[in-house]
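Quick note on labels: first sequence line is chain A, next is B, and so on, each numbered from 1.
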Amino acid sequence: MLDPKLLRESPDTVRAAIAKKHLNIDLEAIQSLDEQWRSQLAQVETLRAQQKSVNGEMAGLAKGSPEFMAKVGEMKSLKTELKELEGGLKETESAWQEAMLSLPNLPHASVPEGKTDADHVVAATHGDVNAVSADAQAHWEIPGFENLFDFARGAKTTGAGFPYYVGDGARIVRALIHFFLDEAGTAGYTEVNPPIFVNADSATATGQLPDKEGQMYETVIDQLYAVPTAEVPLTNFFRDEIIPEADLPVRRCAYTPCFRREAGSYGKDVRGLNRLHQFDKVELLKWVHPSQSYDELEALRNDAENLLKKLELPYRVLLMCGGDLGFAQAKKYDLEVWSGGQERWLEVSSCSNFEAFQARRARIRFRNTDGKPELVHTLNGSGLAVPRVLAALLENNLQADGTVKLPAVLVPYFGRDTLRFA
RNA sequence: GGAGAGAUGGCAGAGUGGUCGAAUGCGUCUGACUCGAAAUCAGAUUUACCGGCAACGGUAACGGGGGUUCGAAUCCCUCUCUCUCCGCCA
């Protein structure tokens, strides 16, 4: 959520931000709701003040005395009026709140203009794309692929996009998760094993609701949401809390399975391991002092990049343009790994600074040097998403004998230096 | 899942219809005393929103929501959570 004061004091800033994100929002309607809400609030508060003062007088009167009864009569009509006004206020307030939730975060000044993925700025590239064998094949075409990654039986059991990982397939997933968590720990992130179902308040705090409701799996009876990313339970750890300033920055990581309905996806995007309804991911998260958040974003990106470097995978870093920024993000880098068999880039990490947007919704604060609570900035990034990293490993490292040579860092985790499909 | 008890400020813990944003203790901060410290004494010590350049003023908040009443921390309903007992269970 944006600071309501910002909308009052400099609506043009908000208007420009909406334009940069290429969203269509009726700002005037929200502004007039805001004015209406404030004027109704003033009316209600005036009446309440009146009620309060008369109630004080009545406390000193004998119950049932004529003076007392006269006041009761007087207050009865005030009560009726107040109730009516309060009803109107409540209505306006919930409309106002809903409208405020529909306002996206402001993009940072360094975010490039643009509407589509063609407008992203390549911030860095690493590794040699051409070093990958020219006859590399898409991972789902590798002979024996379905022995390790059984989509057919997953579809039978659950549905499309819920594969079984079998044998070396399960083992490599476990090795990657373990590797990612160990690296995050070394980089200073405290490991957390969070709940993987969250309630609506939590999903709202991080911005999944109301914006992306249709993307989450929801339980019927208890109305809980399966987490689309560990970001949700991790960020909500400090919801409604004040973190001691000395503790900042707080850095944490978590592995969770992630669940996404991915409604509307199709074609080559969803082949094989490219896009799944359930996948494994390690998430990195930071709660930082507002003055540090952009430095911390660079550090976060660096932490994620280091993983790809150690895995010896070619990748590039994109600075996302305004039109492709998420609803809640102020600035975002995507890390994309080169998939030699598909000859395309696959997104494996997204590192974002949310500034105070999530913190305001979640009321996560610290006490500043004046002793006043102030909103923290939150950042998060994948470190990393397993299936696409795995896809790149399978494609880029496939050897002539049909096995996959694993990077040295994974060997201790996997137990062998090659992965076999049979 | 069943039965019962409970939820009050940073913590502990009073308050069962009016003058209660809330006693008291602890903690924290400031001052006094002291060479300094401890002890002691005095004072201060929530948050959010609205209005205001500000000083300041107003309103709200006793787990959440709703109700009764002229008036609710206090009475009623409901939800959530915690505890005790029973049941079930990795």
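Across all strands shown, B/U74 forms no Watson-Crick or G-U wobble pair with both key distances under 3.5 Å. Base-pair partner of B/G17: not found among the strands shown (Watson-Crick or G-U wobble, both distances under 3.5 Å). Pairing partner, B/A7: B/U80, with both Watson-Crick or wobble hydrogen-bond distances short of 3.5 Å. Remark: B/C53 base-pairs with no nucleotide; criterion is Watson-Crick or G-U wobble with both hydrogen-bond distances under 3.5 Å. The base-pairing partner of B/C62, taking Watson-Crick or G-U wobble contacts with both distances under 3.5 Å, does not exist among the strands shown. When both pairing distances are held under 3.5 Å, B/U30 makes a Watson-Crick or G-U pair with B/A42. Pair assignment for B/A22: none, as no Watson-Crick or G-U wobble contacts are both less than 3.5 Å. Pairing of B/C85, defined by two Watson-Crick or G-U wobble distances under 3.5 Å, is identified with B/G2.
Taking the P atom of each, B/C75 and B/A14 are spaced 15 Å apart, rounded to whole Å. Taking atom C1' in both B/U8 and B/C20, the straight-line distance is 12 Å, to the nearest Å. With P as the reference atom, B/G27 and B/C11 are 16 Å apart, rounded to whole Å. Only the C1' atoms considered, B/A32 is 23 Å distant from B/G25, to the nearest whole Å. Spacing of C1' atoms, B/C53 relative to B/G43, comes out at 31 Å, to the nearest Å. Comparing B/U47 with B/G10, their P atoms sit 9 Å apart, to the nearest whole Å. Rounded to whole Å, the separation between the C1' atoms of B/G13 and B/C29 comes to 23 Å. Nucleotides B/G2 and B/U74 are separated by 27 Å at their P atoms, to the nearest Å.
Per the geometry, CG belonging to A/Leu41 stands 13 Å off P belonging to B/A61, to the nearest Å. One atom, CG of A/Asn55, and another, C1' of B/A73, lie 16 Å apart when rounded to the nearest Å. Rounded to whole Å, the distance from CD on A/Glu241 to C1' on B/A48 is 18 Å. Note: CD (A/Gln50) to C1' (B/U59) measures 14 Å, nearest angstrom. As a whole-Å value, the separation of A/Ile242 CD1 from B/U28 P is 19 Å. Put simply, NZ on A/Lys63 is 10 Å from C1' on B/G71, counting in whole angstrom units. Atom P of nucleotide B/A72 and atom CG of A/Leu82 are separated by 10 Å, given to the nearest angstrom. Remark: C1' of B/A48 and NZ of A/Lys372 are 11 Å apart, rounded to the nearest angstrom.
Taking the six-membered ring for Trp and the full ring otherwise, the centers of A/His277 and A/Phe259 sit at least 6.0 Å from each other. Within the 6.0 Å centre-distance limit, the rings of A/Phe327 and A/Phe357 are counted as a close aromatic pair. Here A/His377 and A/Phe354 keep their ring centres 6.0 angstrom or further from each other.
Here the nucleotide nearest the side chain of A/Trp37, chosen from B/C50, B/G66, B/G18, is B/C50.
The environment of A/Lys310 atom NZ is sparse: at most 12 non-hydrogen atoms of other residues, nucleotides or ligands sit within 6.0 angstrom.
A donor-acceptor contact under 3.5 Å is not formed by the side chain of A/Lys52 with the base of B/G18.
Regarding contacts with the backbone of B/C49, every side-chain N or O of A/Arg48 stays at 4.0 angstrom or more from both OP1 and OP2. Using a 4.0 Å cut-off, some side-chain N or O of A/Lys76 falls inside it from OP1 or OP2 of B/C70. Residue A/Arg38 has a polar side-chain atom (N or O) positioned under 4.0 Å from OP1 or OP2 of B/G51.
Across all strands shown, A/Lys83 has heavy atoms under 4.0 Å from sugar-phosphate atoms exclusively, and none from any base. Contact annotation for A/Ala42: no contact, since no heavy-atom pair falls under 4.0 Å across all strands. In this structure, A/Arg365 reaches the sugar-phosphate backbone alone: every heavy-atom distance under 4.0 Å involves primed, P, OP1 or OP2 atoms, never a base. Residue A/Lys79 is classed as a base contact, given a heavy-atom separation below 4.0 Å to a base.
A salt bridge is defined here as a Lys NZ or Arg NE, NH1 or NH2 lying under 4.0 Å from an Asp or Glu carboxylate O, and A/Arg367 with A/Glu374 fails to meet this definition. A/Arg15 has a carboxylate O that lies under 4.0 Å from a charged side-chain N of A/Glu28, or vice versa, which qualifies the two as a salt bridge. Between A/Asp119 and A/Lys115 there is no salt bridge, since no side-chain N of the basic residue sits under 4.0 Å from a carboxylate O of the acidic one. In summary, A/Arg171 and A/Asp168 do not engage in a salt bridge, as defined by a charged side-chain N under 4.0 Å from a carboxylate O.
For the pair A/Gln51 and A/Thr46, both in contact range of RNA chain B, the more 5′-proximal nearest nucleotide belongs to A/Thr46. Each of A/Pro4 and A/Pro373 lies near RNA chain B, and the nucleotide nearest A/Pro373 is the one positioned closer to the 5' end.
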